[in-house]
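Each remark here refers to the structure printed beneath this line.
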Amino acid sequence: MPADYRFKIVMLGDGAVGKTALTLRFTEDHFDVDYKRTIGSDFAVKRVAVPGLDANVTLQIWDLAGQPRFESVRQSFYRGARGGLLVYDVTRRRTFINLDRWIDEAYQSMGAKIPFVIVANKVDLTDSRIVMTDEGREFAEKHGYLYVESSALTGENVEEAYVALCKAMIESSKM
Ligand code: G3D
Ligand code: MG
């Protein structure tokens, strides 16, 4: 019998990097369908079979519409989170530089380290890409996180990003 897990995860990263688009692509397999209204600051739920680990994971994916304005919102957003996707936009360097802030904020809010997957999103925009693979991968390795390059537009590596996080969370729950 496969093991059953239930994890809350958080989508982190600057505005417009694609957090909501990735979540929608993963949970409903489409892009750009009134998603700002449908997801907003709520959470989405998705069941995932994790290949190789004989496990089923129910993911509760929390996504915020922009920066939480109030401390109480921020606290409930992070409370109980077991992992996160840390997303940047490969066409905007600032969103890559700000990853450190998101890591700090998550740590401040939770007082503990949780697994993250670094997600370099919008790789379909090859002509306007500024942050290249080596830099992203080096950053992830420095922090001990996994690294995935994705496009919510084409669907490339979107499921892989969430599944990689599931594996990391299962591993860390066994320690
Ligand atoms: P956020 O939730 O992180 O704030 P969104 O970001 O998911 O709202 O995405 C911000 C904008 O980037 C949206 O465009 C969205 O369509 C676009 N986007 C998200 N992911 C990708 C991707 O992988 N490739 C490309 N080309 N665009 C992407 P709009 O025009 O609605 O602002
Ligand atoms: Mg959003």
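Counting starts at 1 for both ligands and their atoms, following the listed order. Index from 1, following the sequence.
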Query - Thr20 backbone or side-chain N/O/S under 2.8 Å from the Mg ion (ligand 2) - result: yes
So is [X] polar-close to ligand 1, meaning N/O to N/O under 3.5 Å?
X	answer
Leu125	no
Gly15	no
Ser150	no

Query raised in the report: Of the non-hydrogen atoms in Arg25 and Leu153, which two are nearest, and what is the gap between them?
Result: NH2-O, 2.8 Å
Find all atoms of ligand 1 within a distance of less than 4.0 Å from any non-hydrogen atom belonging to [X], and give their numbers and elements.
X	value
Ala16	1 (P), 3 (O), 4 (O), 6 (O), 10 (C), 12 (O)
Ser151	23 (O)
Ala21	7 (O), 19 (C), 20 (N)

Query - Rounded distance (nearest 0.5 Å) linking atom CH2 of Trp102 with atom CZ of Phe116 - result: 10.5 Å
Query raised in the report: Can you name the residues that form a salt bridge (charged side-chain N to carboxylate O under 4.0 Å, His left out) with Arg82, not counting sequence neighbours?
Result: none
Query raised in the report: Where on Asp89 is there a heavy atom closer than 4.0 Å to ligand 1, on the side chain, on the backbone, on both, or on neither?
Result: neither
Query - Proximity of Asp124 to ligand 1 by residue part, where a heavy atom lies under 4.0 Å - result: side chain
**Report entry** Pairs involving residues 152-175, ordered by first then second residue, that meet ring pair (Phe, Tyr, Trp, His ring centres under 6.0 Å) (sequence neighbours left out)
**Finding:** Phe26-Tyr162
Requested in this report: Would you confirm whether Arg129, through its side chain, and Val131, through its main-chain N or O, come within 3.5 Å as a donor-acceptor pair?
Outcome: yes
Report task. Look only at the side chain of Asn157 and the backbone of Val148, and say whether a donor-acceptor pair between them is shorter than 3.5 Å. Result -> no
Query raised in the report: Considering only heavy atoms, which of Met11, Lys122, Lys19 lies nearest to atom 28 (C) of ligand 1?
Result: Lys122
Query raised in the report: Hey, is Lys19 close enough to Asp63 for a salt bridge, meaning N to O under 4.0 Å?
Result: no
